[in-house]
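None of the values given here were measured: they were computed from a predicted structure. Just so it is clear, the values below take in all heavy atoms, side chains as well, and ignore hydrogens, waters and symmetry mates.
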Amino acid sequence: VQLQASGGGLVQAGGSLRLSCVASGRTFNNYAAGWFRQAPGKEREFVSAINWSGGSTYYADSVKGRFTISRDSAKGTVYLQMNSLKPEDTAVYYCATDAAPRYYGGSLYSDKRYDYWGQGTLVTVSS
């Protein structure tokens, strides 16, 4: 399984971007997916996740109310809609997913849970 993340770019503070993550060779049906980010000089951190059924979503406190994760089963794509962007949102954003379907082990908030990772897409928010 290969994940391809896209949609990053340069945006002014207060603006919006939508990131996309497409899985080749598989859809996201029955697989959890997450978004993480890594800013320069910092560790990778959790941003958002959606469980394998698509019925539950999770967000870091820093993005709650501004970001929305969703998935389109028909297109095999997971999205991260980012609104009201702030300079501190500047980072490389990575999508990730499980290898096993309907997997309950491990926390959705932990990057150690996920098996497949995309290459990352850079989001830069100017002040």
Check your understanding: In a check of side chain to side chain contact (heavy atoms under 4.5 Å, CB included) between Met82 and each of Val47, Val11, Leu17, Asp89, which one passes?
Key -> Leu17
Exercise for review: Find the distance between CZ (Arg37) and CD (Glu88) and round it off to the nearest 0.5 Å.
Suggested key: 8.0 Å
**Study point:** Atom CD of Glu45 with >12 non-hydrogen neighbours under 6.0 angstrom
**Key:** yes
**Study point:** Derivation and outcome, side-chain contact (heavy atoms from CB on, under 4.5 Å), residues Ser70 and Gln81
**Key:** CA-CA 8 Å; Ser70 62; Gln81 177 67 44; over 6 Å; no
Check your understanding: Taking the inter-plane angle between the rings of Phe46 and Tyr109 on a 0 to 90° scale, is it parallel (under 30°), tilted (30 to 60°) or perpendicular (over 60°)?
Key -> tilted
Check your understanding: According to the salt bridge (Lys or Arg N to Asp or Glu O under 4.0 Å) rule, which pairs have a member within residues 17-31, sequence neighbours left out?
Key -> none
Exercise for review: Could you tell me whether the side chain of Thr77 and the main chain of Lys75 form a donor-acceptor pair under 3.5 Å?
Suggested key: yes
Check your understanding: Counting distance only, does the side-chain N/O of Asp98 pair as donor-acceptor with the main-chain N or O of Arg102 below 3.5 Å?
Key -> no
Revision key, fill the gap. dist Trp52:CH2 -> Arg71:CZ (nearest 0.5 Å) comes out at 9.0 Å
Point to revise | Ser20 side chain to Tyr79 backbone, donor-acceptor under 3.5 Å | key: no
Review point. Considering all heavy atoms of both residues, which atom of Gly106 and which atom of Arg113 are nearest to each other, and what is their separation?
Key: O-NH1, 2.9 Å
Check your understanding: Rounded to the nearest 0.5 Å, how far apart are OG of Ser56 and CD1 of Ile50?
Key -> 8.5 Å
Review point. Counting distance only, does the side-chain N/O of Thr27 pair as donor-acceptor with the main-chain N or O of Ser73 below 3.5 Å?
Key: no
Point to revise | Check: Pro87 main-chain N/O paired with Ser127 side-chain donor or acceptor under 3.5 Å | key: no
Exercise for review: For Lys42, look at atom NZ and say whether over 12 heavy atoms of other residues, nucleotides or ligands are found less than 6.0 Å away.
Suggested key: no
Revision key, fill the gap. Value for OG (Ser48) from CH2 (Trp35), rounded to nearest 0.5 Å, stands at 10.0 Å
Practice item. Indicate yes or no for a side-chain donor-acceptor contact from Tyr31 to the backbone of Ser53 under 3.5 Å, with no hydrogens or angles considered. Key: no
Practice item. Please list, chain by chain and in numerical order, all residues satisfying side chain to side chain donor-acceptor pair (under 3.5 Å) with Asp72, sequence neighbours excluded. Key: none
Study note, to complete from the structure: dist Tyr116:OH -> Ser24:OG (nearest 0.5 Å) comes out at 10.5 Å
Review point. Could you give the distance from CH2 (Trp117) to SG (Cys21), rounded to the nearest 0.5 Å?
Key: 10.5 Å
